[in-house]
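In what follows, a structure is listed as structure tokens, so that the remarks can point back to it.
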Amino acid sequence: MIVRWVYAETEMAVIQALTKLCNRNWQRTAVVFEVTTGKLLLFDSAAPGDDVDTFISVQIPRGNYVAETLHYNVNADVSIVLHRFMPKP
């Protein structure tokens with residue numbers, strides 16, 4: 001799962017929001033992709049394509065996936081957007 005911090009005063013507020021997360025209404029997107037090697041790189045999309053120095057290596061089993069998104073506004077002080085990759089049916 002990828003967590004995008006939209007707004008919150010502290011990292012702890014985001015973590016607490018995640019601990020309260022239950023099965024909510026995830027929205028299936030039109031994003032479908034195939035993982036062929038099991039290893040993906042997550043990097044800042046604003047970085048030039050030939051100059052990506054900072055990235056996180058992510059392991060996902062081989063297969064076809066569809067992206068789902070959840071906009072989670074916990075309260076007036078905390079908002080996050082979550083992305084998860086589910087096996088394509």
Original post:
If you look only at pairs with a residue in residues 73-89, which of them pass as a side chain to side chain donor-acceptor pair (under 3.5 Å), with sequence neighbours excluded?
Top reply: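 As it turns out, the side chain to side chain donor-acceptor pair (under 3.5 Å) pairs with a partner in residues 73-89, which skip direct neighbours, are Arg4-His83, Glu68-Arg84, Thr69-His83, Asn73-Ser79.
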
Is it the case that one hydrophobic cluster holds both [X] and [Y], taking links as side-chain heavy atoms less than 4.5 Å apart, direct or via other members?
X	Y	answer
Ile60	Met86	no
Val81	Val74	no
Val3	Met12	no
Tyr7	Leu18	no
Ile56	Met1	no

Subject >> Leu21 and Leu82, any side-chain heavy atoms less than 4.5 Å apart >> reply: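 SC-SC contact between Leu82 and Leu21 confirmed.
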
For the atom pair [atom1] ([X]) and [atom2] ([Y]), what is the distance rounded to the nearest 0.5 Å?
X	Y	atom1	atom2	result
Phe85	Thr29	CZ	OG1	8.5 Å
Tyr72	Ile80	OH	CD1	6.5 Å
Gln27	His71	CD	NE2	8.0 Å

Review item, side-chain donor-acceptor pairs of residues 30-48, under 3.5 Å, at least two apart:
unit_1: Thr37; atom_1: OG1; unit_2: Lys39; atom_2: N; d: 3.2
unit_1: Thr37; atom_1: OG1; unit_2: Lys39; atom_2: O; d: 3.2
unit_1: Asp44; atom_1: OD1; unit_2: Ala46; atom_2: N; d: 2.9

Original post:
Does any pair with a residue in residues 7-22 pass salt bridge (Lys or Arg N to Asp or Glu O under 4.0 Å), and if so which ones, sequence neighbours excluded?
Top reply: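 Salt bridge (Lys or Arg N to Asp or Glu O under 4.0 Å) check on residues 7-22 returns no pairs.
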
